[in-house]
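Quick note on labels: first sequence line is chain A, next is B, and so on, each numbered from 1.
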Amino acid sequence: MHSSRNLKAVAAIAAVGALTLAACSGTSASDDPSSEGSAATGDPIVVAALSGLTFFPEAPEAVQAVFDDYNAAGGLDGRPIDYTVYDDKTDPAASATAAQDALSSGAVALVGGSSLLDCAVNHTTWEENGIVSIQGTGVDPYCFATPNIAPTNTGPYFDTFATLYYGSEELGFENICAIMVPDEAAAKAAYEQAIASWSASTGKELSYLDTTLVRGQASYAGNVSSLKSETCDALFVAEVGDAVLALLGEASNQGVDLPVLVLTSAYSDQFAASAAYSSDIYLPAEWAPYGDMTIDGMQDWADSMDAHGVPKTAFSQGGYLAAQYFIDILESIDGDVTRESFTAAAKGMTDPIDSPIAQAPFLFGDADFHQPNNTAYPVVLRAGTNEWESLGPLLIGDEIGWQYSTVPAGT
Amino acid sequence: MSLVLDDVTVRRGIGPVISNVSLEVEPGKITTLVGPNGAGKTSLLEAISGVVQAAGGTITMDGTDLRKLSRRRRSTAGLKHVEQGRMIFPSLTVRENLKLTARTQADFEEALALFPELEKRIDNATVLLSGGEQQMVVLARAFAAKPRYLLLDEMSLGLAPVVFLRLMPIIKQISETGVGVLLVEQFAHMALGVADDAVVVTSGRVSYQGEPQGLLSDEDLLKQAYLG
Amino acid sequence: MDILGSLVVGLSSGGLYAAFGVLLVLMATLTRVINFSQVAVGVFGAYLSLRFIPLDLPTWVIILIAMVTAAAISALLGWIIATWLGESSTTARSAVTVATLLGLISLSFLVFGTRPQANPPLLVGPLFTFGDIAVTKVGVLMLALAVGIAAVSRLLLTKTSLGVRLRAIADRQTAAELLGINVKGLQLFVWAQTGAMSALFISIVGNAQAGSANSMIVLLIPAAAAALVGAFTNVWLAVAGGLLVGALQGVLTGFPSITLLTDWVPLTVIVLFLLWNQRKEVWDVAR
Amino acid sequence: MSLADTTAATSSRQPDAGSPAPRRHGPWWFPWAVALGVTVLATGLAFALPDYWLLIATSVLVAMMSLLGLGIVTGTAGMIALCQLSFAAVGGWVMDLLMTQTALPELLGGAAFVVAMLVGATAASLLGLIVGLPALRLRGVNLAVVTLGVAAALDMTLQKVSFPDQWTNERVQRPFGIPGAEDLSGNRSYFLFVAGVVIIVALGVFYLQRSRWGAGWRMVAFSERGTASTGTSVTSAKLSAFMVSAFIGGIAGSLMVGQITTANYITFQTLNSLGLYVLSMAVGAHLIEMAFFGGILFVLIPEILKQFNIPLEWASIIYAVLGIQALTTKSSMGNDLRRMILAWQRKRGLNSIESTLVSLEPVGAPVPAASDNVLLEVKDLRVEFGAVVALSDVTMQLHEGEILGLIGPNGAGKSTFVDSLTGFLPHHTGSVTLDGVELDSLAPHKIARAGLRRTFQQDRVPSTMTVGAYARFVGGKEVDEDLIDEVLAFFGCPGTQAPLQMVDVGTRRLIEVAANIAAGPKLLLLDEPAAGLSHEEHVAFADRLRAVPERFGVSLLIIEHDLDLVRSVCSNLVVLNFGQVLATGRQEDVLANPEVLKAYMGETEMVS
C-alpha cells in the first residue's frame, strides 16, 4: 500500500516544517538505454505541461510516449527531452502555482497541456515570460484567443458551431433545442458567439435555449420537462460526458427520444458503453475518429500508444499531435535551444505542419490568437449500439462560415 | 459462588469517588447499601456493571473476572443492573419491555406475575404509565432475564413510600428464587428491613459492614451514615 | 405548469431523494448519526460492482455485489463510530461521516477515474404519460421503495423482537446494553442495511443520476434536505420532503428569470418549515 | 501563576486592600512579540525563498486564514460548518466586483484592495449571519446540514453569475501597486502583504478568543444551558461565531483572488470546504498556531505527493484519515500538544492548582437574617411532563438578604423547580416574580440579566478557559475585575491565570459559585453546591456562604441534600415532596417537623 508510506513521509516532512525543503524538481523522463544504442544522453531540453491529471491523464501520457520514442532514437542531436507534467488540480490557485513551477524548471515550451482552466488563469503569465504553449486539449475560451497559446484541438466553441451546422445542414433538423451549462461568463460569451456564428452561416435560430444548467446538478427533471412543451426535432446538449449521460437518462425516463447533438467531450468508449438512449447521438470529432485506422498517421499513433500503454482516445490524439508539432518546431531551430529561441521559432513559423490525424495543418505563427485546427469529423452513436460510427464528411470551419472570436469575455 | 468486590476503587474526573471498597453479595440474599448522597454508591454499582471502569481492585461473579468483560457480556453472564431513575424504554409497551429480556414465554409470564396490576396495561407505551408502574416494569424486566445477581439503584426515587413498600416484598421474593441482590437505597429503614447484610458507605469508603439489625438498632450510626 | 404537473416532475427525482431521506432518518433515529456518507457508500458500491460486468454475470448478481460492498463499507464506518464514539454526541459521531465522505470521493476518483461510469440504469422510460407530463418508472419505483422501506421498517420495529431491541437502543443505549442487548451488533446491522439499500438505489438510477463521484455530494444534499423536513425523526415527513424538494426543483427550472434564486428556494423553504415546526425552545441536554 | 502567588492572593482577608494586582492576561507583550517575530521571519522568507516556494508559502498563509475562521465555529464553538469556502467566495466576489467593475481603484489607488477586501469580508459576515440564523431553533448537527446546503447552493449561484473579473476580462489589481501574478517580483511583495494581513487577523483572533465573545463561544461549545444561565444568549453567541468566522473567511477569499488576480467558482467548491472542515478537526484549528500548521498540511501534503508523482487525490484521503483519527480519539493535534505542555508544567510543579478554601481563616458570620422585602415570589407553580405532574401549586417566598434552603428527598422536584424558575422549562403555569419583575415568559439569558442566576449540579465550567476568562464571562460586561479577584480569593479559588483544565471538579464548582456571585445577581440559586467537596471544605464553604448576602449583596437559594450545610447557613427552609410544598418556615421548626423527617427518610422511626 502506498498510503502508509505516504503518511509517514507526510508526518516526517511536515514535522520539520518543510518550507525549507529543497526547491522542487520534476522527475525526469527516464531514458531507456536498453532500446537502442543511440539513446539521447546529452543536456536535456526541458519541456513542461499543466494538466488536470485527474480528468485528462491521457494527453500528457501520449506526449511522454512520443518523447520517450524520440529520446530513444537519439533525441535532438543527442539531447533528450525532459518532460514534466504539473497537476493543476483543476483549481485556479494550484494552476497559477503550477505555472510558476513550470517556469522555474527552465522549460523551453509547454506541450500537450490539458486543463479546464489553465489558459484563463495563466495566459498572461505565458505572455509575460515569453513562453509558448502547444495545448493538447484546450477548453476555456482563452486557449483560442491569446497570442502565446495554440491548441491542437478545435475546442468546445467550434464544436458547438460544427455540431449545430451538421445538425441543421446535413441532418436537416429545423428545430434544434439547446440545453447548455454556461460555466463562466467568458465561456458563456464564447458559446453565444459560436451559436451566432452558426446562425450567420445557416440563417437558422435555436428553437429553445436553456442556459440555467450548472455543473453537478442533482437532477435534470425540470430541464427535461420544460423542454417537452417546446417544438424540437433535435436536442443540442453542451455538457461533459457524465452530465450528458445523466441528462439523457432523465430524458429517456420522461419519454423524450429526440436525436441528440453533443460536443466532443462525450467522444469516448465509456460514454458509448454507458449511454442507454433510444435515439442517435451525434458529435463532431476534433481529430480523425480514434477508431479509424484507415486514415494516414493513425496507425503510427495507435502503435505508439499501444507500445507505451496509453489508452487510445481523442485526448491521447491531442497529446500525440502536440508532441509531434513540438518536435517539428524544435528541429527547425538554428543554434541554441532556449525558451527565447523556441518561442521565436514557433511565432516565426510560416509553413504549416501537415497532419492527417488533425485533418488540418498546424501553424503557430505570430497572430494575436490561434485556432489552427478548425475541422470536425462527424460521428454518431446509433440507438441501441455502443460503438461510435464515423459519418463524415469532414467539416472545415473556413468553408462553412466559422467566425473566429478574438475577445472571449464580455457581457 | 458469589459476587465479590475486593479493594475496588472508582475514579470520576480527577479524584476517586470510591476508595478500596470490599463487599460480597451472596446468591439468594439481599445486601443493602446505604450512605449519604454523593457517597459514591451509584458509581460503585456502575463499576460492577461496567458503565464506568473501576480504577483498581477486583470484581468477580461466581469466579469470573468481570472487569475483563464488556458491560453486555457482564449482563449476559447474569448480572442485571437496574439504574437509577426508572430506565424504561419510553416508546416500548409493557409487553415489549418484558419481551426484551424474557427468553421464554414462561419467563415472561413469571415476570408479569410479580405485578399482576401490569396486565391490564400490557399494551400501553411505558411512557404513559405512572411512576410506580414504570418502576414495576423495570424490576419485572430485569427479573424476566433470570439474572443471577441484581443491582438495584434507588428504586424509591420519586416514588411515594406506599408504592415503594409494594416493591420491597417483591425484591425479597426475587432474592428468594436464588438471585443475589445488591440494593442501594435512601429509604434506609425499609431497605434494611428486607436486608440480609448491610453496608454503609460514606465519602467513598465502607464505614459499616455487618448485620442490618446492628445498624437499625444504632440510631446514631444510621443517622450518621444517612445524613453524613 | 399546474400543480399536478409539477408534482409529477418532482416525482421523477423526488422519489430518489425521498428514498435516501428515509435511510437518513432511520440512521439518525437508530444509530444517532446524520450519515453524510449515506449516498457515497452506495455510489462506491455500485461503481465497484461495475467491475464485474465483463464476467457476464446476471444483473441481479451485479446489484448484489454492489449491495454487499456498500453494506461492508457502511458497517466498517459504523464499527469505527460504535467502537470509539459509542457514547459521544450525535455531532461528534456525524462528523466522522463527513471525513469518510471526503475520503470516499477521493478514493472513487483514484479507483474509478473521472470518466462517466458505465452504470446503465435498471429502469428507463415513463410508466405512463398524459400530455407533456410523464410519470417515470424510476421515480415511481423509488417512491415505492421509499414508502416500502418506511413501512417495512415501521413493521419491523413494532412487530419483531429485533425491532423492539432496535427501538430500545434508540430510546436508551446504555440501559439496553445493561440488559445484555448487543447494541454494537444491532447498530452495525442498521449500518449494513442502509448501506446496501443505498447501493440498490444507485444501481437502479444508474448514471441517469449518479454518473460520477460528484453525485456523492450532489444527491446527498436534497436527500438530507428531505430528511431535515422530517427533522431526522419522521420517515413519512422525509418522504414528503423528498417529493417537495424534487417538485420545487422541477417547477423552478420552468422560470429561467429567477434562475439565481432557484438553487436557494428548496433550502430556504426547508429551513423556514423547520423553524416553524421546531418553534419550541429545545435545550442541548435534558438537564 | 505559581502556588505562592495563589496563596498570597487568597490568604488575605481583604484582598482589595493592598494586595498586588494579579496578572490577568499573561504578559501583555507576548502576542505582540510573537507577531513581531513572525513579521521578521516572513520578511526573511520573502527574500530567501525561491520563487516557487514563495507561492507555496503564500498558499499556506491563505489556507491558514480559512482555517483560522473555520476554527472559531468548529473548534471554539463546537459546531459542524461545511461552508467555509462559501464565505471566502462571497468575500472574494465582492472584492472582485469592487476592484474590476467600479471606480474604487481609481479613487483609492493602492489602498483600494484593502478597502474592497474589508467590504467583501463584511458581506461574507452577513452571509454568516444568515447561515447562523437557523441556529435560533436548529441545534446540533441539523445546522451542519444547512451549511452543506448553503455551500452547494452558492456553488451553483457562482457558476451562473461568474466572478466579475470574467465579465470584462480584466484582472484584479493587487494592493499598493504590487504587480500581478505573472510577474515574479510581484509574488514576493504579495507574500509580504498576505503575511501582514494574516498577522493582523491572527492578533485579532487572539484577542477575540480572550474576549467576552470568545468566552461565549467556548461556553456554547461546552454547554448551551450553562451559557444561557450566565445571561448570554446562546443564539447571539452562535451567530457571532458564524459572523466572525465568515468575516475571516471573506478576507481569505479576497487574498485567494488577489493571489491569482482572477477567480473561478472551482476554487470554492463544496468538496474543498469539506476538506477544510476535516482538516480543521484534525489539527484543532481554534488554536492559532494549529491553524498555521493546518495551512502547512493543506498545501504541503499535495506538494509532497507531487514530488513523488502520487495522484493528488491521496491528499484528501490523508486529510480524511487524520480527521477520523482525531475525531475518534476526541482530540486534535493542537489539543494533544497543549495537553503535553500542561502535563509537563504540572510535572515541573508550575501548575499545582487546588482550592485553599480550608486554609482560610473563618469569617465567623452568623446565619443571615431575612429582611422584610420579598425578593422572590413564586405562586402556584405547576410543571407537567406528559402525564406526570412534576410540580404542583408550589408557592413560596424568599426575602432579601436571606439564605433560603430548598430541601426534599431525591426526586422531589427540586431540580425541576430550579429549571422552571430559570427559564429552562418554559411550559409551566403559575407566576414567578423577582423584585417585582415578572420572569415567567423570559428566556433563560434574560432571566439571568434580570438578576436571577443559578449554578448547576453538573459541571458547566468549560475546561478550555482560564479561571479569569471564565469568571469575567460569567460576571458580565460591567463586572469589576477587582471584585472577581476578591470573590475568587474569598472562596479560596485558584487565581485568574489558572487553566480550568488543571482544576478539579469540586474546585470548579466553587469557581462557578464565586463567579456567579461576582456577577452581582439579586438572587443566586445554588443547585447542590457542596457535592464533591470534602467535610472540611463543607465547613469552610458554609462559613463563607453565610457572609455572602451581607458582603456581596446577593441573596441565596440553596438546594442541598447535605442537611449539615443547610443547617449551618439557612435561616428558613422550604421542603418539597412529590412536587408539592410539604413544609416551610424557620429552619429549626421545619427540621423538627415530623412530617418532614418522615418524607425525607421514609420512616417515622427516624424522629429522635
- Residue pair Asp263(C) / Ala153(D): nearest heavy atoms and the distance that separates them: O-CB, 3.6 Å
- Does Ile317(D) reach the side chain of Leu110(C), with side-chain heavy atoms less than 4.5 Å apart? yes
- Should Val141(D) and Phe232(C) be marked as a side chain to side chain contact (heavy atoms under 4.5 Å, CB included) after you check the CA-CA gap, both sets of side-chain angles, and the distance that decides it? CA-CA 10 Å; Val141(D) 75; Phe232(C) 284 98; 6.0 Å; no
- Nearest heavy-atom approach of Val150(D) to Trp264(C) is O-CH2, 3.9 Å
- How long is the gap from CD1 on Ile80(C) to CD on Gln325(D), to the nearest 0.5 Å? 11.5 Å
- Task: Count the heavy atoms of every other residue, nucleotide or ligand shown that sit under 6.0 Å from NZ of Lys446(D), and state whether that count exceeds 12.
- Result: no
- Task: Write down the atom of Ser316(D), the atom of Leu102(C), and the distance for their closest heavy-atom approach.
- Result: O-CD2, 3.8 Å
- Query: About how many Å separate CD1 of Ile324(D) and CG of Leu77(C), when rounded to the nearest 0.5 Å?
  - Reply: 7.0 Å
- Message: Quick check: under 4.5 Å, non-hydrogen atoms only, which of residues 235-247 of chain C neighbour chain D?
- Response: none
- Message: Working to the nearest 0.5 angstrom, can you tell me the gap between Leu271(D) CG and Ile105(C) CD1?
- Response: 5.0 Å
- Task: Pick one of side chain, backbone, both or neither for Ser88(C), based on which atoms fall under 4.5 Å of a heavy atom in chain D.
- Result: side chain
- Query: Which residue, Val218(C), Leu220(C), Ile217(C), forms the side chain to side chain contact (heavy atoms under 4.5 Å, CB included) with Thr270(D)?
  - Reply: Ile217(C)
- Side chain to side chain, Val98(C) and Met281(D), heavy atoms closer than 4.5 Å: no
- Query: Given that the side chain runs from C-beta out, which part of Leu82(D) has a heavy atom under 4.5 Å from chain C: side chain, backbone, both or neither?
  - Reply: side chain
- Message: So which atom in Leu267(C) and which in Val146(D) form the shortest heavy-atom distance, rounded to 0.1 Å?
- Response: CD1-O, 4.2 Å
- Note on the structure: Tightest non-hydrogen contact, residues Lys330(D) and Trp84(C), listed as NZ-O, 3.0 Å
- Message: Nearest 0.5 Å, please: how far is CZ in Phe36(C) from CG in Leu148(D)?
- Response: 6.0 Å
- Query: Tell me the side-chain hydrogen bond (donor to acceptor under 3.5 Å, both in side chains) pairs involving residues 222-235 of chain C, sequence neighbours left out?
  - Reply: none
- Name the member of Leu261(C), Leu104(C), Thr259(C), Thr90(C) that forms the most heavy-atom pairs with chain D at distances under 4.5 Å. Thr259(C)
- Message: Within the 4.5 Å heavy-atom criterion, are Met79(D) and Thr91(C) side-chain neighbours or not?
- Response: no
- Contact origin within Val271(C) toward chain D - heavy atom pairs under 4.5 Å: side chain
- Heavy-atom distance under 4.5 Å to chain D: side chain of Leu101(C), backbone, both or neither? side chain
